[in-house]
Every structure is written in C-alpha cells, then in structure tokens.
Amino acid sequence: MEIDLREVEGIVNELGRETEAVIPILQAIQGKYNYLPEEALRRVCEISEITPGQIVGVASFYSQFRFRPAGQHMIKVCVGTACHVKGAVQVYDAIRRELEMESTEDTTPSGKYTVEKVNCLGCCTLAPVVQIDRVTYGHVSTAQVRSILKDFESQAGAGKSKSKFRYADGSEVKGEIRIGLGSCCVASGSDEIRDAVKDTIERKSLNVKLKHVGCVGMCHQVPLVEVVPVNGESSLYSKVNAADVEQIVEQHFQPEGFLKRVSNRLLKVADTFRDDSRWEGIDRYSLDVREKHVSSFLGKQVPVATEFRGIINPIDVEEYKERHGFLGLKKALTRLSPEQVVQHIIDSGIRGRGGAGFPTGQKWKLVASAESDQKYVICNGDEGDPGAFMDRMLLESYPYRILEGMIAAGYAVGASRGILYIRAEYPLAVTRVSEAIDICREEGFLGKNILGTGFDFDLRVYQGAGAFVCGEETALMESIEGKRGFPRIRPPFPAVKGLWGKPTLINNTETFAQIAYILKNSPEQFSRIGKGASRGTKVFALAGKVARGGLIEVPMGMTIREVVEEVGGGVAGGRSFKAVQIGGPSGGCVPSWKADTPIDFESLNEVGAMMGSGGLVVLDDTDCMVDIARYFLTFTQNEACGKCSFGRIGTKRMLEILEKITSGRGEETDLENLEKLAEWTRKGSLCGLCRTAPNPILSTLMYFREEYEAHIRGECPAGRCKELIKYEITDDCIGCTLCAQECPVEAIEFKPHEKHEVKQDLCIQCDGCRQVCPEDAVIIR
Amino acid sequence: MIKLKIDNREVKADEGSTLISVIRESGTEVPSMCYLEDLDHFTSCMVCVVKERESGKMIPSCSRKVEEGMDIITLDEEVREARKTALDLMLSEHVGDCEAPCQVTCPAHMDIPLMNRLLAQGKFREALRVVMKDIALPAVLGRICPAPCEGACRRKPMDGAVSICLLKRYAGDHDLEQETPWNTERATSTGKKVAVVGAGPAGLAAAYHLSLLGHDCVVLDRNRLAGGSMRKEVTEDQLPGEVLDREIDRIAAAGVTFRLGQEVDLKMFTGLTGQYDAVILAVGKGNSGIGDWGLPAGSRGVDADPSTYRVDDTTLFVVGSAFKPSKMAIRALGQGKEASFSVDQFLKGKKVTGEPFLFNSRFGKLLPEEYPEYLKESVPGDRIEPEQISGGFTPRQVMEEAARCLHCDCRDLNTCKLRIYSDQYGADQRRFRSEERVTCRKLDQHDVVIYEPSKCIKCGICVRITEKHSEKYGLTFIGRGFEVVVGIPFNESLGSGLQKVAVEAAEACPTGSLTLK
C-alpha cells in the first residue's frame, strides 16, 4: 500500500509532537490505513518527540493496533461471558470453517474477512453476538453462521444513513413515541424500528414526537417501543417488528383532519388485502407495566445512577435540566464549600463502584488535602470485564449526569482539569460524551468561571486502545501519559502522586453517576438505601442463563436469590440454577445453595466472591464450573501486562494446568499445584489484575471441587468440555437427515428414514447437529 | 530523619531513601534483580520482597520509600518461600544452560567447553590444565571412557557430537610428550597424613588431589602395579600399559607415595586407621574381603554419605565401586576427586559438607529451528573421525573438531544473579515446568555483546538504560503479558539497537541474556 507521508505529518501536526500524543496518533494512523505501516511509524519518530522504542512498545501493547493489514471486513465474535456460556467458541470455530481459513491466520486468503475474538460487545442479552463491520447479529448459533454471512454480503454496499436526533416540528404534540437506542437496542434492530416509526408518522402526518431514549435496562425485550399519548396511559411494546410499527402507532394516534383519516383507512384496507400477515396479534407484543414480569423486573429496582431511565433523551440538555439536572452541581458550587462537598460524600457512605469498594469520600478527602499547583479528576470508563456493560450504558444514556459528578468532584478536591478515559470498544459512548462536553461548555457548566463562581474546570475524552489492565488506575494513568499500561506500585497513591505526578482523583463511571443524586437530594437520602457498610445502589449487568437479562440498579443488600428469581425471572429453559458468577474475572462464584447471600461488599467477600464492577452471570446445570474458571483465567492471562514475575508467569502456569484438566489430561497432583500457584499469584502480584485472577479458580474449587475431580477422572458432568464429551443420537431420531447435512466434517452418514449415528473419531463437538435436530434426539454424554 | 525497625533493630534513615538501600546499608543482604540504583524502580522480579510485620504483607523493597514507624522483617520462612517461588517461576520460563550439558553429565564435572575453546586455539597446554583440574588421568580416560558427555552433547542430533573424548586424549597425549608432564604446584605441607587403600581410578584421583592440597598421601595396593581395573580389565590395544604407567608417574610426581604389593587385611586396616588422620577405602568391587570388616553396609556397598563419602562420623571415607558398583572408571575417578574435597575439609577441621555444586539451569533438546542459531557461535561440518582410533587426532584435526563446540555454557556463569539466588534459595526449575518453551535465538550482530532472549527475565533494566541514554533505537518491550519480549524496534539489528550503551547494559543485565562477547 502506498503511504503518503504527508498524511502522517498532518496527523502529527494536528495531534501534537509530545510523547503523550502517541496513542491518539496511532489511532489516527490506523484509522486511515487500517493498520500501522512501519514507514508511517518511522516518520512519526522523525518528526516528533516520540522514539522508536516508545512507539513500538506502545503499539505492541494495546490490542487495538495491528501491524499487518486487516481484511476488507472485520468479523468480531464476542467472547464475553454471556456469549461464552451460550457457545461463542463454537460459533467462532464455525465461522473459520465456513470461510476455510488457515489455522494460523486471522484473515481469509482472499483478504476479504478478518475474524477476531473480541471482549464483550456489551449486548449480552443477545448472546452469542457476532459483529460484521457495523452490523450486529444476535442469537447466532453455529447452524446460522452461513446465513449471517450471506445476509451481510447481500447488505454490503447499502449505506446506512447516520442516525440523527430529530424532533417533530413542534406543533401541537399528541404524544410521544419513545425508542430505546442504547447499543444493545441498536444491535437488535431498533434503528429499523425508528425508521419505520418516522416513516409512519410522516406518511400519516401525525403530530407525534419521536424520542430517542437511552437504555431502559430491559435488554431481554428489545427492541422496545413505548407509546406515551398526551392523554392516557403509556403502553410498552417489546420485541417489536418493523412490520408491526404502523399498527402500533395507529392504535394510539389518529391523523388530523377527516380526509386524512379516511384516506388512511382506505390505504389500510387496501394494504390488508394485499398482505394478510400483518393482522396477526400485535397485541401479544404489548406490555402493560403493571404486568407481572415487567413490574417484577422494574419494580425492585431503585434508579439512582439510572434515574429517569427510558424517559430521558441522553443528549438533550434542556430535558436533563428540567429533571433536576445540574441542580446538585449548582448547590455545590454556590452554597457549599469544597470541604462541605467532600463531607457530603463521606456522609453518604458511598463506596467505589469499580470493584474495590474504597470509601469514595475518603478518597476525595485525600486528594483535597494534597497540596499542589495542579490536580486532576479522572473518570475510569475502561470497563473491561467481559459480560459487564453498565458503564457503557451510563456513558451512552446519562452523559450529563457523569459530567456533573466530575465537575462537582473537581470543585471539591481543587482540580481544574478532568479526563474521561473511555474504552476503545465503546464508540457511541465516546461520541455522546464528547458531544455532551461541547454542550456543557456552551451552557457554561464547563470552562472558566463556571456559573459565575470563579471555579475553572474543563474536561476531555481520552480513548483507550484495548487493554483490560488499563482499568487499573495506575496503568490507566500510564496510558494517558503515552506509555505501555504497566501498573505502578502503590504507595504512592494517585491521590498523592498520580497523573503526571500530580494529585489525582480517579473514580469509576458509576461512582460519578451517583454523585449528582447525593448532592441534589442529600447524603442521608442516599445512605438510607442499602445495607450495613454498603450504602446506596449498584448497577449490575444481569446476563447468562436467566429469563430476563438486562441492566438493573438495585439497592445494596438485596439477595442473590431476589435478583435472579424475582428481578431476573429465574433460570430460563427449564434448567436448574447452579451458581452466579459475580465480579467477572476478579470475582468468584456463589453457588445456588448460598443464594440468600445479600449483595454487599462484606457479605460477598465472606462467601469467597467479590462485588466487582457489576457483572452478574447466571449459570445453570449445563455450565461447567471448571470451564468457567478456565474461561476467566484465559481472559486475565491474555490481558496480563507481563511486568511482574508472579503475574506474568503465575497466571500462565495456572492456565496451563486448567487446560490440562479440561482437556482430559489432568493428574491428581494438579489440584494441589493449582492451589499453591493460586496462593502465590495472589500474594506476589503487583496489581489487582493478577492478584485477583485466581479468584474464579479458588471459589469454584471451594464449592465445586468434585467437578474438578471428575475431570481428572475423565468426565465433564455438565457436558461442556469438548475432549470429555461425546455427541450421541438417541432412538428418538426420525431419520430426517438434517444433522448429516449440518455436520461440517461428515461425521454423520446421510441415511434417510434410518437412525443416524455420530462417528466419534470424526466428530469435532461443534454442537451443530444438536442445534438442528427437530426431535432433540442428539444428546451429550 | 525517618525512624524504622528492621528485624527488630532501630534504624534511622534519610527521608526519601529506598527501603532496600536502607536495609542493605544496615548490614543485611537483600537479593534484587530488576533494581539498579541509578534507574527508576520497576517492581518486576519480586525477589527483593520483605515482610511488613503488622499486616503480614509482602512488599518489594526496591520500590518503597522508608516511612516513619515501618516495622520490617527481612527474612523469615514466608519471605524465603516468596523469593524462592519468584525464582521458581522465572526459572520456568528461562531457557538456557548454566553449565553446558556435557559438563553437567560428566561424572568428573570437567569444564569441557573451556577445554574445547582452548584446544580450538591451539593452546594445548592450557587445555590440559583445565582437564586436570577434574581428571587426574586424561590420556588414560581418553582411551577407555564411554564418554557420557558426548551422549549429552547438543551437537549430536545435528551432525554428530563433538568428539570430546578424543580431544581430551590428545590433550593428555600431547602433555606426555613434553619434557616434564604438567602438574600444579603443590600447596604447603599441612602435616596431615592420609592412607588410600586401592590404586584404581578412585584411589589414584583421591590421592592426587589431596596431595596437591598439601596432605601427605600413601596409596596401598595388593598388586605390584598400580591401576586397579584399568590395568586388569582393559586390553593392551585399548590402553597401552605405558600410557597408564606414565600418568601414574605424574601422580607420584605430585607427591604421592605408593606401597604396592601390599595386601590390606582387617588387622592392617585397623592399624592404618590409628596411624593416619584419614583413611580412604577405594578397593573396588572385587573380592577384597572388606565385607567381613564390620563396616556399615549400604544397599550396594559400604554405607557412606553420598555427598561427602564419609562413613558416619569416623575418619573413614569410601569411594568408587566399593561404595557403589560402577562400570565407568570416570565415575570412580570423579568420586575420588570429590572425596578429596571432603577429606580436605575434615583434615582442616572444617565442617564436612562435600564439594558444593552450584545450581544449573537446564532445558531439553534443541529443536531443529534452533540449530542455525547455535551454529552462529560455531563452525559447520560433520564430526571428524581420526584415521585410526588407536592413533587419535592430529593437531589440525584437534583444532577443527574442537571448533565444532556450540559453547552451550553461559557466559555469565559466575555472575548471573538468577543462578546465584537460585542456588542460595534452593530454587527448583522443574516446579512450574510447562510442556512448551520459547525457541532459543542468539542475536549476535554486534561487535561487543550478544543477546539471548530466551534467558531474559523481563526485568527491563536494559530498556531503562537505553531510554536514559537516548539510544536511537535501543531496546524496548514488545507485546504484552506472557508473550512479552525485549527487542529492538522495527526489527533493527542488535548493532543498531545498542550503539552507545551496549557494555553498560550488558554488565547491568542480571542474567546471561545480554552479555559481553
């Protein structure tokens, strides 16, 4: 590929010559060329302060960057927790088989597709999820791989228009139609719904406002459409089809003017003669909020960070202000001293929501009392837990709330600059927050002399480049400084010596999202919610084998059982509840017989788990606990930074043992060795990533040791681990031959009307036959 | 001034000092590998951990500043285990030999690579000196030894093992042709007397080395000619008697006296025990009659400590086939040499612990893709065979064959911190062994230094040094996590990478990964 070095120079001119500009420069170069050509990198070094060592060191550290060109189209297979438990690995393998890829390559021979595994796209309730360029496919099974590729190829070239936020013309509004447009909703087709609604409203000249709202949280029902007539009750429709939109709209709104109405009726009648299918029960999609499952899902939740969910347009600042937005900030800036603000936070009892649970007020106090000419506030939006998408939702749906929290924090601790560090994988969040920042500047909430109080504060967004370890606060700061994300030892703590050596307040996104509530109401109102030493609420991403998955915000102290059964609707598909995994790769599992454990920091620690950032994955009897431990350790080992001996080598060796065990080569001594390694990796690692990496192993060993022992004997009781299971066809087989057709390796002979058989030596355990069998005649032994 | 406690001692330190410096200045040793005084700390290797008494937490002492009221335990069981575990982990990814496999396999532990280097340069006498440090009968063994060293030679699967045995033989033969066969200077007489019963390889070696150490040794044997099984069980073709005679003469020239044709029975043995400060039994496996002497019996021979060869707390030592039957003369000879160390300790009133053998890092066979890498330090070519085995090598053949050595021994044998600490803490390379390993590479395109990434422990010292001195390319971390390697950006050569600070970086490298050529 021809590289025009002047383009590279242009990038450097724009982004800066200092060493800390390296990551944005690399992102811009890759944005232009689809990879990082060596000549471009060399040129950057020639014309800036960045050295070859730095640029190669940094580029090779972060997953986002490629040194070789990628294919024309990127196929991303999500391997987040929820997708994993629903079979993402098989889907990935199936795609590679379908595209006939070489085992050592990630790009097809023709250069058309690059296939990669990605950590959590954040659409967990649509698991397994595959994203091809900008198109997201949900609920992908191995049997559907061929069809999604075909579907993508048929769509390719059909440009999608950029989504914009548009309002009706302001004339008398009959009501509002609200459509959820969080990333998850969009992935399930809300874009089309929105287009259909817009189309319907325009065609029928209805005076109805179309409003985009952020995440409602009921991810298991998307696409969601809520109809709110000016007079009358609102109705919630779930899993809406574009074809049904017209009927839904009509049910509630009639066009102005007699003639319009008549013409509409005539049109409608004509349409129905053409196509019968439309009559079919749209009624069954209509949800009454009073309906049990909706009210169960929503009823027990307490929105603090997610206040006004589903109602508020994420980017509409006027609406935010109408709903008490920036009230807390105003109060803080005009009526409270910085010390008083800090005290409010202390009194509220809020603890960090990123996982460690450090008392937030105390942290603010430490930064406030540090003496320095410059201080910083950082919002940690590098949510990397596979299966956790709370912060993404908060950033996409409530950007102003987070900004408000940060500005108040800046005031309280004496900082004048702030940074929102947002993961590379959250492009919508980056756009929304950047836009919100611009609007805040216009409104006078950011910049110099905010609200006339003499307080200066400004913010910018910094995009991560793909490294889970950068969620660790010291590694995050290294990243902003343009270096590899190696954690630093603490002490000194960021509160004393943080970004650029200055006192820095760094809090998780969700923590900031709750500040406004505390300030606008009162610390007591916040601390009244919750239990024990864990006050307030927590946002969780409920996913896995649960009937109603989604984003929920519940008071601290609610039990696991309540969350799983009442809010989540219990385990789906008639299977039995086995355990929940809380806290992602740093967390632990809590078995079903301990489901009455309250969800608060202390109680979870007592049972060997950890709050974590909010991932809550429900597991049933078809989930293998050893596989789950291996899954999480694969993740952490892959993300380990490599700096310290215990972390770098300890996690690798533990993973090797787990892989031995899950592939049937386990030995008696392995469990002991595993435990010893786990103990030492915990004690000796430099930072929280590898220190907590052994947690899933230790907690599954504690509660499900017999599963490990079964694997060593050569069995996988849950029927998951490929090398230990066999696919067999029972007598229920009707000889329909679907399995033989599906099998990618011809392990099933085509015998119409006869009982089919799986040839064990050829079978690759791809699960395809079991998925297509109409009689459920394929079992796993 | 900051006041803190180190191992319950009150210590005062300047504010801002690093904990490890303060501990070291107070007289206590703390190991460290990734820490270098003039560089920013990196907190990587974790061997410098010490314990905070109150919390029980392990803290890396190189990365903490002293704080008022700190209460530190520098070494207890847990700290020891922590350091050992860190070393065990690092060893599991450290692919390299300390001593070469040939040396480790040799029962006499001879420094074969060094011998090869000297022979390749034509320095035959110096080469012999190296051999005789461990092998008292080079020309003899060069004719009768089955050469387990060649079995271990890394060159073997490539194009034939280095012909170590014949090389050694040449060194021995060459010396015998000189005016005076070479011997080390004998140390000043200690006045101690040692009786060695049996003039086979074990006894001869023991007597030789002890004599050089200054002790008066007498070797008794019932045969009229010394040599033991070397005389009796080897053909004249294979080992001409004359060669054996002349090497035994050399031993005599080192101060050993012989009383040949002297049968030692129980009565005489008891007498010897009374008259001599130490007695060494090297009677071999034949029917020597010692079975009736009431000595403690082990499973295969007389029972003695395997590291010191000493029988309980007595003045008696047992070596060779009398201790454990063996078909290899070299093994008996090696034991004789090792025993001389413990007997020497005994005679000097020191604690008898036996000859210490330092920790060795080892790894399995070379993979075919690694052959070209190892050949970088050697010459191509098949193993050379002599015209006739009995004739041995010509001088030119010696130099060519010795040049085929791959020099598997590490250049930093004596200075490598990983080796030193692994030895100190009893580290175990096999504890966390994996089924896979990285492939060995040797980056040698540099005048002064050579870099072997497979030995690197990722401490980052070289990265920090090149950064500090603004090397244009320098060395940098590439990749992340377990797969991280230290390399030169843009795949430039080592020469480009280290233009200014090669020597400094090589000297600072705590292992043998980056070293001076």
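Below, chains carry the letters A, B, ... as their sequence lines are ordered, and counting in each starts from 1.
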Original post:
Can K660(A) and D670(A) be counted as an ion pair, charged N to O under 4.0 angstrom?
Top reply: yes
**OP:** Answer yes or no: is there an ion pair linking R64(B) with E67(B), defined by an N-O contact shorter than 4.0 Å?
**Re:** yes
Original post:
Measuring heavy-atom distances to chain B, does L41(A) have an atom under 4.5 Å in its side chain, in its backbone, in both, or in neither?
Top reply: both
Subject >> Residue among G647(A), G53(A), S63(A) with most heavy-atom pairs under 4.5 Å to chain B >> reply: G53(A)
**OP:** Under 4.5 Å heavy-atom distance to chain A, tell me which part of K472(B) shows up: side chain, backbone, both or neither.
**Re:** backbone
Subject >> Partner chain A: residue of E483(B), K458(B), M58(B) with the largest heavy-atom pair count (under 4.5 Å) >> reply: K458(B)
Subject >> E656(A) side chain near F432(B) side chain, heavy-atom distance below 4.5 Å >> reply: no
Original post:
Taking C45(B), S44(B), S92(B) one by one, which has the highest count of heavy-atom pairs under 4.5 Å against chain A?
Top reply: S44(B)
**OP:** Tell me, out of F486(A), F646(A), F67(A), who's got the most heavy-atom pairs with chain B below 4.5 Å.
**Re:** F646(A)
**OP:** Go through the atoms of R42(A) and report whether side chain, backbone, both or neither lie under 4.5 Å from a heavy atom of chain B.
**Re:** both
Subject >> Part of A467(A) within contact of chain B (heavy atom distance under 4.5 Å) >> reply: both
Original post:
Where on E471(B) is there a heavy atom nearer than 4.5 Å to chain A: the side chain, the backbone, both, or neither?
Top reply: neither
Original post:
Quick one: does K5(B)'s side chain get under 4.5 Å of M70(B)'s, heavy atoms only?
Top reply: no
Original post:
Checking T651(A) against chain B: side chain, backbone, both or neither under 4.5 Å from a heavy atom?
Top reply: neither
Original post:
Checking heavy atoms, do the side chain of V484(B), its backbone, both or neither come under 4.5 Å from chain A?
Top reply: side chain
**OP:** Is it possible for you to check whether K683(A) lies under 6.0 Å from the centre of the six-membered ring of W680(A), through NZ or CZ, and within 45° of that ring's axis?
**Re:** yes
Original post:
Where does R653(A) contact chain B at under 4.5 Å (heavy atoms): side chain, backbone, both or neither?
Top reply: side chain
**OP:** Mind ranking P60(B), A86(B), G460(B), G479(B) by heavy-atom pairs under 4.5 Å with chain A and telling me who comes out on top?
**Re:** G479(B)
Original post:
So which part of Y62(A) gets closer than 4.5 Å to some heavy atom of chain B, the side chain, the backbone, both or neither?
Top reply: backbone
Original post:
Any luck finding a side-chain donor-acceptor pair between R419(B) and N360(B) under 3.5 Å?
Top reply: yes
Subject >> Carboxylate-amine/guanidinium contact E93(B) R648(A), below 4.0 Å >> reply: yes
Subject >> Carboxylate-amine/guanidinium proximity below 4.0 Å for R480(B) and E639(A) >> reply: yes
**OP:** Return yes if a side-chain donor-acceptor contact under 3.5 Å exists between Q429(B) and S361(B), otherwise no.
**Re:** yes
Subject >> Among G487(B), S63(B), A82(B), C459(B), residue most engaged with chain A (heavy-atom pairs, under 4.5 Å) >> reply: A82(B)
**OP:** Run the salt-bridge test on K676(A) and E81(B) with the 4.0 Å N-O cut-off and return the result as yes or no.
**Re:** yes
